[in-house]
Novice: 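Pasting a structure here, questions to come.
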Amino acid sequence: MQIAIQSGNILETEADIIIVNLFEGVTRPGGATGAVDEALDGQIRQLIELGDCSGKLGDTTLFYSLGKLPAPRVLVVGLGNASEFDGNKARIAAAKAIRAAKKAKARTVATITHGAGIGGMDPIEAAQALVEASLLENYEMPAERSQEHDQPHIEKLTIVEFNPDNMPLLETGAQIGQIIAESAIFARDLAATPSNIATPSYIAKKATEMAEEVGLDIRIMEREEMEALGMNILLAVAKGSDEPPKFVILEHNKGRAEELPTIVLVGKGVTFDTGGYSLKRTQGMWKMKYDMSGAGNVLGILRAVALLDLPLHVVGLTPLVENMINGHAQKPGDVYRGMTGKTMEVISTDAEGRMILADALAYAGRYNPDAVIDQATLTGAISVALGQQAAGLFTEEEELKTRLLAAAEVTGERLWPMPMYDEYKDYIKSDFADVKNSTSPNRAAGVSTSAKFLQHFIEDYPWAHLDIANMSWTEKPRPMYPKGAAAFGVRLLVQMLRDWDE
Ligand code: BES
Ligand code: ZN
Ligand code: ZN
């Protein structure tokens, strides 16, 4: 979707649909909505009176301009209660309006920003919210079809601003919104791409192209280098696949590592998870192509960090492997010694995410980080606990927790704190190694024991773990999250990094 910002009057704008807005309880709309109402001889006022246009957050009303405006159709979107309005509500309203315009098969849409007028929102923030939400809502997953399908989507969005003084502010905000949304879309595309294409090598190549484009430092570790580092727990997962493992290292502000805070982001990159010899059942296995969502997110976040040129030293680490079965594959009962020197026993080859993270988190320690945050589609148990309402947050660091929860609040990408009681350590005691990778067949506290396993490999730095298994593939569409690959966590962590200094 192309984005354009225009100074002028939305009344005079040509588009398949023009979008204006309404706060709940308003009976005589002002601003652009009032002007449209005037031009249409009070049609919006009448719709309000009849109860067909409520102003409730995200409610949309579509009607015809019958030749009185250049645009044949007008869409009014509700902004909810003016006193409760914020950036999240602006994004929800924008997304709902775009969804309705898409459904009406509009190709070109013109809109005002939501909430910058009587909403009192900062124009930069309002433009960011509008562009970010519109792009995310208009997203379509890549598909290979031999015939064009007629799924409607919007080709051009024009933001119309009445006050010319606001133009530079809108440009700035729109640019931020576009960077963030397109970075999430970069991650969504990787997660949606089938694993016969999106192999570890393919993702490493995409990361390389992206890094060159946005000016990030990149280095790819091959199997030999990982062997030399003693990453045998990570490599155990890769043994069963013909696809060589890759370990992508991205860095923003590498040259200023000494003077800037260092944040390391780690993402689980299992390009396909069959479960290995602890084989998954057929039902739903196809979706395990998104088991690299954590890695995809890390690449997307680094892209945004580079384009926004944040004043931080940010490192992205993505261990990339395919969890398969062959004559060399790891087996339950195997014991491996990883980079930290600690050993682990394989109980389930399907608990592979925590294995690749064990060595990636060990490697993270090399940067002497101020914080390490990993994202992983780690457990089915997090879905049982939380459904698709929030990702699981595991940390014992108060400061980091506060930062993450604040960013969750701002972006609406919710996190819910989960416990990491010391007693869970007992659950993963092994008779043959320092720790075991699963409590199977005992399923008690499956999500907390996975975090406890990761914690075993953390050496001396503030760390938080996000289990995004429940949030990475949208089952029931929500505003900004059409069905499918979600890249949940990109907006959240970009926000946390943007606010780091505060
Ligand atoms: N990739 C899965 C977790 C997952 C499940 C992600 C559903 C997205 C949707 C992970 O590798 C896994 O298989 N975890 C096991 C762990 C168990 C064997 C301890 C699980 O959750 O069943
Ligand atoms: Zn698994
Ligand atoms: Zn997995």
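Order of listing sets the numbers, starting from 1, for every ligand and every atom in it. Values in this document were obtained by computation on a predicted structure and should not be read as measured data.
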Novice: Tell me whether Lys268 has at least one N, O or S atom under 2.8 Å from the Zn ion (ligand 3).
Specialist: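 Looking at Lys268, which is the residue asked about, there is an N, O or S atom under 2.8 Å from the Zn ion (ligand 3).
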Novice: Suppose I only count heavy atoms of Ala469 and a 4.0 Å limit; which atoms of ligand 1 are within that range?
Specialist: 6 (C), 8 (C)
Novice: With a cut-off of 4.0 Å, which atoms of ligand 1 are near a heavy atom of Thr377?
Specialist: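 Per the distance check, 1 (N), 2 (C), 3 (C), 6 (C).
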Novice: Take atom CD in Glu475; do more than 12 heavy atoms of anything else shown fall under 6.0 Å from it?
Specialist: yes
Novice: Examine all N, O or S atoms of Asp350, backbone included, and report whether one is under 2.8 Å from the Zn ion (ligand 3).
Specialist: no
Novice: Apply the side chain to side chain donor-acceptor pair (under 3.5 Å) test between Thr262 and each candidate in Arg256, His313, Glu251; give the one that qualifies.
Specialist: His313
Novice: Looking at Arg219, I'd like to know if its CZ atom is crowded, meaning that more than 12 non-hydrogen atoms belonging to other residues, nucleotides or ligands lie closer than 6.0 Å.
Specialist: yes
Novice: Among Ser293, Ala351, Gly380, whose heavy atom sits nearest atom 20 (C) of ligand 1?
Specialist: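 That would be Gly380.
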Novice: Would you call the rings of Tyr427 and Tyr424 parallel, tilted or perpendicular if under 30° counts as parallel and over 60° as perpendicular?
Specialist: perpendicular
Novice: Can you tell which of Asp291, Val447, Asp350, Asn442 gets a heavy atom nearest to atom 13 (O) of ligand 1?
Specialist: Asp350
Novice: Using every non-hydrogen atom in the two residues, find where Asp374 and Leu357 come nearest and quote the distance to one decimal.
Specialist: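 Shortest heavy-atom contact: OD1-CD1, 4.1 Å.
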Novice: Check whether any side-chain heavy atom of Val314 lies under 4.5 Å from a side-chain heavy atom of Leu302, and answer yes or no.
Specialist: yes
Novice: Kindly indicate, with the supporting measurements, whether the criterion salt bridge (Lys or Arg N to Asp or Glu O under 4.0 Å) is fulfilled by Asp499 and Arg403.
Specialist: CA-CA 8 Å; Asp499 291 342; Arg403 288 179 185 279; over 6 Å; no
Novice: Should the heavy atoms of other residues, nucleotides or ligands under 6.0 Å from CG of Asn442 be counted, would the total exceed 12?
Specialist: yes
Novice: Provide the atom name of the closest N, O or S atom of Asp273 relative to the Zn ion (ligand 2).
Specialist: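 Atom name of the closest N, O or S in Asp273: OD2.
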Novice: Could you tell me which atoms of ligand 1, counted from 1 in the order shown, lie closer than 4.0 angstrom to a heavy atom of Asp273?
Specialist: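 Within the 4.0 Å cut-off of Asp273, ligand 1 contributes 1 (N), 2 (C), 10 (C), 11 (O), 13 (O).
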Novice: Between ligand 1 and Lys287, can you find any atom pair, the residue atom being a heavy atom, that is separated by under 4.0 Å?
Specialist: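 Lys287 does not count as a contact of ligand 1 under the 4.0 Å cut-off.
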Novice: With heavy atoms of Lys280 as the reference, note each atom of ligand 1 found under 4.0 Å away.
Specialist: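 It comes down to these atoms of ligand 1: 2 (C), 12 (C), 13 (O).
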Novice: For Trp473 and Trp286, take the angle between the two ring planes, folded into 0 to 90°, and tell me which bin it lands in: parallel under 30, tilted 30 to 60, perpendicular over 60.
Specialist: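 The rings of Trp473 and Trp286 stand perpendicular, inter-plane angle above 60°.
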Novice: Out of Gln178, Arg303, Arg491, which residue meets the side chain to side chain donor-acceptor pair (under 3.5 Å) rule with Ser183?
Specialist: Arg303
Novice: Please state whether the separation between the Zn ion (ligand 2) and some N/O/S atom of Asp291 is under 2.8 Å?
Specialist: no
Novice: Which is closest to atom 16 (C) of ligand 1 by heavy-atom distance: Met355, Arg354, Met285, Met288?
Specialist: Arg354
Novice: Run the numbers for me: atoms of ligand 1, each under 4.0 Å from some heavy atom of Ser438, listed by number.
Specialist: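 The atoms of ligand 1 under 4.0 Å from a heavy atom of Ser438 are 19 (C).
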Novice: Assess whether atom CG of Asp460 is packed by more than 12 heavy atoms of other residues, nucleotides or ligands within 6.0 Å.
Specialist: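 No, CG of Asp460 has 12 or fewer neighbouring heavy atoms, counting only those of other groups under 6.0 Å.
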Novice: Heavy-atom contacts with Glu352 under 4.0 Å: which atoms of ligand 1 show up? List them by number with element.
Specialist: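 Heavy-atom distances to Glu352 below 4.0 Å select 11 (O).
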Novice: What are the atoms of ligand 1, with element, lying closer than 4.0 Å to any heavy atom of Tyr290?
Specialist: 8 (C), 9 (C)
Novice: What atoms in ligand 1 come closer than 4.0 Å to a heavy atom of Ser348?
Specialist: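 The list of qualifying atoms is 18 (C).
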Novice: Name of the Glu352 N, O or S atom nearest the Zn ion (ligand 3)?
Specialist: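 Of all N, O or S atoms belonging to Glu352, OE2 is the one nearest the Zn ion (ligand 3).
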Novice: Should one rank Leu378, Val237, Ile428 by closest heavy-atom distance to atom 3 (C) of ligand 1, which comes out on top?
Specialist: Leu378
